[in-house]
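Note that these values count all heavy atoms, side chains included, but never hydrogens, waters or copies made by symmetry.
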Amino acid sequence: MLSPTELLLSLLVTVLTAQYLKLQWSRRRYPPGPTPLPIIGNLWTLKFEIRHETLMQLAETYGNIFTVWLGQKPVVVLNGCQTIRDGLLSHSEELSGRPITPLFEEISKGKGVAFTSGDKWKQQRRFALMTLRNLGLGKKILEQRIQEEAKKLVEFFAMKKGDAVNPSPALLNSVTNVIAAVVFGHRFSSEDKDFLQLMEASEFFANFTDIFWAWLFDAFPWLMRHLPAPHQKIFKCQTFMETFVKKEITRHKENGVPEQPEDFVDYYLTQISKASDDSTTPYDEDNLVHLLVELFVAGMETTNNTLLWALLHMVNLPEIQEKVQKELDTVLEDSEIIQYEDRLRLPYTNAVIHEIQRYSNVTSFGFVRQVVKKTSLQGFNIEKGTNLIANLSSSLYDPAHWKTPRQFNPDHFLDKDGHFVTSNAFLPFSAGHRVCLGEQLARIELFIFFANLLRVFTFRLPEGVKSVNMDYVNAPTLHPHPYQICAVPRSAEKSARQKELRT
């Protein structure tokens, strides 16, 4: 007769064996991939984190469409430019869903656009895009706000007089105030404690990296809601951000909505008022709160991290920094305010910015999507309800589209005559129905901030520092390790160069 221990072990082996066989049967319905284990799936293979390099390595074995199992849930991965464009553009509607996981549901409550799907998501997204355009996306008024923040950023670095500084807080403050001006109609002081806490909460929320705890929450939501684990801080950050934007909404309501809306909150409150008699309307204050939080988190982190990479690359590649500065000096007058349209006169500067986005892409694959309608991708039938991720970095490193994909090379975006060109493989903002809402805003910010900073300063390593760490921190938005740099004013060297050009 078996002892209790032997009986328990026998039962455990039986359950695990049954689970293993069930997985092997289930995986026949999906594209090929590494063999999943009971309970953890392929998390062991992935080392409990998702990295674009790992996914590209798996693609070499299993092809550009393959399946990994995150615990008991299969996720189809699209790899390579052609496969990603086929999926996100040719099948944009079918791949436009978002999986409703317990963690996503806890965060979003079914509101906003980032974690929702269906008709309500489409209406919210359409309204957000229309409102951003009305607020000046691609127009002079928005550029003026960005130029004001760029000026303050230049003033910050000038105050340091070439001393070593961590650029992240100042960059984050400037980028966040651009978003604040768009959604709230005003900027915040860098000494505002609530604003500082908002940036801190947004940073933590956007950079939560522990796939293990996320997996545990989705597996045991009823238990994990009460356990004091790392994921609890996500909910605290979410609560603070919601409280912050609710105060701004209340302020707008107390002041009254103007006849001519001046910011995103004004437009949304007006829409709520218009639809007040419609019981099916998706426009309400809860949706507004979640939408504002999403705009802050997405707009802050992606642009801030790209600018951090930009300065780090300039320090690491001084010859490229010098070429950018030479172009800026040659094309622009000293008193000239840099505008987004100047990118047409500054092809090398524009190419460098694009190469920064390509080489140090901050959103390697974005959020998981869900197939909302059965479809076929390159010979594979993908069932409705299947979760899917597009490995955007694999397109940005695709050797079929980039001459030196693993080298920082601005020539990727220049033709033989030095004119700016782009590529179908350049997909840092994703593509299709889920393309980044703030893509145009980010493009304007990156150009104006970057050009203004390099026009005024030469960025160098602090004295005694010989090298920089170019590895990324693996998070939902990939960012560099903390670093310090010196922003050395160029006024003296620029005067000497201009004198040389005149003679």
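Panel note: side chain R343, backbone Y340; a donor-acceptor pair is recorded below 3.5 Å. Within the 3.5 Å criterion, the main-chain N or O of L346 finds no donor-acceptor partner in the side chain of N350. Listed for the Q321 side chain is a donor-acceptor partner under 3.5 Å among the backbone atoms of F459. A side-chain donor-acceptor contact under 3.5 Å links W309 to the backbone of L478. Although no hydrogens or angles enter the test, the distance criterion places no donor-acceptor pair under 3.5 Å between the side chain of T375 and the main chain of I382. When atom types are taken as modelled, the side chain of S395 and the backbone of N391 share no donor-acceptor pair closer than 3.5 angstrom. Listed for the D342 side chain is a donor-acceptor partner under 3.5 Å among the backbone atoms of Q339. Panel note: side chain E294, backbone A114; a donor-acceptor pair is recorded below 3.5 Å. Side chain of Q124 to main chain of P282: a donor-acceptor pair is present (N/O by atom type, distance under 3.5 Å, no hydrogens or angles). Formation of a donor-acceptor pair under 3.5 Å by the R85 side chain with backbone atoms of L427 is not found in this model.
Taking the six-membered ring where tryptophan is involved, the planes of H433 and W121 are tilted, since the angle between them lies from 30° to 60°. The aromatic rings of F244 and F296 stand perpendicular to each other, their planes meeting at an angle above 60°, with 30° marking the opposite boundary. Taking the six-membered ring where the residue is Trp, F188 and H186 present tilted rings, their angle falling between 30° and 60°. Ring geometry for W69 versus Y30: interplanar angle over 60°, hence perpendicular rather than tilted (30 to 60°). Taking the six-membered ring where the residue is Trp, H52 and Y397 present tilted rings, their angle falling between 30° and 60°.
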**Prompt:** Going through the distances and angles, do T45 and V68 end up as a side chain to side chain contact (heavy atoms under 4.5 Å, CB included)?
**Reply:** CA-CA 9 Å; T45 303; V68 294; over 6 Å; no
**Residues V75, I50; criterion side chain to side chain contact (heavy atoms under 4.5 Å, CB included); working and verdict** = CA-CA 12 Å; V75 177; I50 304 177; over 6 Å; no
**Message:** Run N305 and T477 through side-chain hydrogen bond (donor to acceptor under 3.5 Å, both in side chains) and show every step you take.
**Reply:** CA-CA 8 Å; N305 287 331; T477 53; 3.2 Å; yes
**Asked** Would I65 and L78 satisfy side chain to side chain contact (heavy atoms under 4.5 Å, CB included), going step by step from the backbone distance to the final call?
**Response** CA-CA 5 Å; I65 300 183; L78 306 185; 4.1 Å; yes
**Message:** If you apply the rule side-chain hydrogen bond (donor to acceptor under 3.5 Å, both in side chains), what do you find for H354 with T422, and how did you get there?
**Reply:** CA-CA 9 Å; H354 280 71; T422 190; 5.3 Å; no
**Request:** In sequence, state the C-alpha distance, the side-chain angles, and the governing distance for R369 and S430, and then conclude on side-chain hydrogen bond (donor to acceptor under 3.5 Å, both in side chains).
**Result:** CA-CA 12 Å; R369 301 192 184 204; S430 192; 2.9 Å; yes
**Asked** Under the side chain to side chain contact (heavy atoms under 4.5 Å, CB included) criterion, do V183 and L291 qualify, and how do the steps go?
**Response** CA-CA 10 Å; V183 299; L291 192 51; over 6 Å; no
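Looking only at side-chain heavy atoms (C-beta outward), L198 and M241 come within less than 4.5 Å of each other. Taking the side chain as every heavy atom from C-beta outward, E94 and K374 never approach each other to under 4.5 Å. For the pair S168/L308, a side-chain contact is recorded, criterion being any heavy-atom separation below 4.5 Å from C-beta on. Here the side chains of V245 and V265 are not in contact, with every heavy-atom distance at 4.5 Å or above. For the pair F217/P102, a side-chain contact is recorded, criterion being any heavy-atom separation below 4.5 Å from C-beta on. The shortest side-chain heavy-atom distance between I146 and L441 falls under the 4.5 Å cut-off. Looking at heavy atoms from C-beta onward, N452 lies out of side-chain contact with L153 at the 4.5 angstrom threshold. Put simply, the side chain of M314 reaches to within 4.5 Å of the side chain of V352, judged on heavy atoms.
Looking at every heavy atom in both residues, G299 comes nearest to I179 through CA-CD1, 4.0 Å. Contact between D263 and A181 at its shortest, heavy atoms only, is CB-O, 4.4 Å. When all heavy atoms are compared, the tightest approach of V372 to S96 is CG2-OG, 4.2 Å. The heavy-atom pair separating F429 from A442 by the smallest distance is CE2-CB, 3.8 Å. Of all non-hydrogen atoms in A164 and Q484, the two that sit nearest each other are CB-OE1, 3.9 Å. Nearest heavy-atom pair across I107 and H290 is O-CE1, 3.3 Å.
In this structure, the separation between OG1 on T306 and CD on E301 is 10.0 Å, given to the nearest 0.5 Å. Distance check: T349 OG1 to L328 CG gives 4.0 Å after rounding to the nearest 0.5 Å. Between the CZ atom of F365 and the CG atom of N79 there is a distance of 11.5 Å, given to the nearest 0.5 Å. Note that the CD atom of E93 and the NZ atom of K373 stand 8.0 Å from one another [nearest 0.5 Å]. The distance from the CG atom of L43 to the CZ atom of F48 is 5.5 Å, given to the nearest 0.5 Å. With rounding to the nearest 0.5 Å, the separation of CG in N469 from CG in L312 is 8.0 Å.
For the pair R455 and E336, the salt-bridge criterion is not met [side-chain N within less than 4.0 Å of a carboxylate O]. With respect to K253 and E285, a salt bridge is recorded, a charged nitrogen being found less than 4.0 Å from a carboxylate O.
Side-chain polar atoms of Q57 and E53 form no donor-acceptor pair below 3.5 angstrom.
The environment of I100 atom CD1 is sparse: at most 12 non-hydrogen atoms of other residues, nucleotides or ligands sit within 6.0 angstrom. With a 6.0 Å radius and a threshold of 12 heavy atoms from other residues, nucleotides or ligands, M159 has its CE atom at or below the threshold. Counting non-hydrogen atoms of other residues, nucleotides and ligands closer than 6.0 Å to CZ of F235 gives a total above 12.
A cation-pi arrangement is not found for R443 relative to F447, the charged atom failing to lie both closer than 6.0 Å to the ring centre and inside a 45° cone about the ring normal.
A ring-centre distance under 6.0 Å is not found for Y268 and H252.
Residue pairs meeting the side-chain hydrogen bond (donor to acceptor under 3.5 Å, both in side chains) criterion with at least one member in residues 145-166, sequence neighbours excluded: E149-R187.
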